[in-house]
J.: 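Encoded as structure tokens, here's the structure I'll be asking about.
Residues take their numbers from the sequence shown, with the count starting at 1.
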Amino acid sequence: MRPMYKIAVMGDRDSIYGFSSVGLDIYPVDDPSLALRTVRNLTEGGYAIIYMTESLFSRMEQDLNEFNEQPLPAIIPIPGVTGNTGLGISRVKKSVEKAVGSDIIFGGE
């Protein structure tokens, strides 16, 4: 039997509260040290995907490096209410380049 993975969303309350209406678990966190503990707890709790506002992600990017080599969870930065910083798309671009060896998304822009 396959395990049922869960999806969480972390960040400031204003940016994430709407995700609960589509069935995602929300974790309103602004403090990077509390967020790191929460990520560790979510990892142990069967979460496969953790969406995190770009604002929070950028303040703890170094701390999240420990999760880069693990297959789960995928920690994906998303825009918050303050707008899109481009961090999310930049991370996707780097991941694709790492996987396929070249920039197939933006053609080397």
J.: Quick one: pull up CE in M60 and CG in D63 and give me the separation to the nearest 0.5 Å.
T.: 6.0 Å
J.: Determine whether the side chains of Y47 and D25 contain a donor N or O and an acceptor N or O closer than 3.5 Å.
T.: yes
J.: For Q70 versus E66, what's the shortest heavy-atom pair and its separation?
T.: NE2-O, 3.5 Å
J.: Would you check, one step at a time, whether the test side-chain contact (heavy atoms from CB on, under 4.5 Å) holds for F67 with V39?
T.: CA-CA 9 Å; F67 300 97; V39 168; 3.5 Å; yes
J.: For P73 and I50, work out which heavy atoms get closest and say how close.
T.: CG-CD1, 3.8 Å
J.: Would you kindly confirm whether Y51 and L72 end up in one hydrophobic cluster when ILVMFWY residues are joined by side chain heavy atoms under 4.5 Å apart?
T.: no
J.: Is there a side-chain contact between D12 and L56 (heavy atoms, below 4.5 Å)?
T.: no
J.: Report yes if some heavy atom in the side chain of P28 is under 4.5 Å from a heavy atom in the side chain of I16; otherwise report no.
T.: yes
J.: Judged by atom type as modelled, is there a donor-acceptor pair below 3.5 Å linking the side chain of S15 to the main-chain atoms of V81?
T.: yes
J.: Identify the two heavy atoms, one from I26 and one from Y17, that lie closest to each other, and give their separation to 0.1 Å.
T.: CD1-CA, 3.9 Å
J.: Report yes or no: does K6 contribute a side-chain atom to a donor-acceptor pair with the main-chain N or O of G45 at less than 3.5 Å?
T.: yes
J.: Evaluate the side-chain contact (heavy atoms from CB on, under 4.5 Å) criterion for residues L64 and E61: first the C-alpha distance (whole Å), next the side-chain angles of each, then the deciding distance (0.1 Å), finally the verdict.
T.: CA-CA 5 Å; L64 294 173; E61 192 166 3; 5.6 Å; no
J.: Without swapping roles, check the side chain of R37 against the backbone of P32 for a donor-acceptor pair under 3.5 Å.
T.: no
J.: Calculate, to the nearest 0.5 Å, the distance between atoms CG and CD1 belonging to N65 and I75 respectively.
T.: 9.5 Å
J.: Start with the C-alpha gap between D30 and R59, add the side-chain angles, then the distance that decides, and say whether side-chain contact (heavy atoms from CB on, under 4.5 Å) holds.
T.: CA-CA 10 Å; D30 269 333; R59 289 183 285 144; 4.2 Å; yes
J.: Does Y27 share a hydrophobic cluster with Y5, counting links as ILVMFWY side-chain heavy atoms below 4.5 Å and allowing steps through other members?
T.: no
J.: So how far is it from M10 CE to L34 CG, rounded to the nearest 0.5 Å?
T.: 7.0 Å
J.: Set out, in order, the CA-CA distance, both residues' side-chain angles and the distance that settles side-chain contact (heavy atoms from CB on, under 4.5 Å) for I49 and I76, then state yes or no.
T.: CA-CA 7 Å; I49 299 172; I76 303 167; 4.0 Å; yes
J.: State, to 0.1 Å, how close S55 and S58 come at their nearest heavy-atom pair, and which atoms those are.
T.: O-OG, 3.0 Å
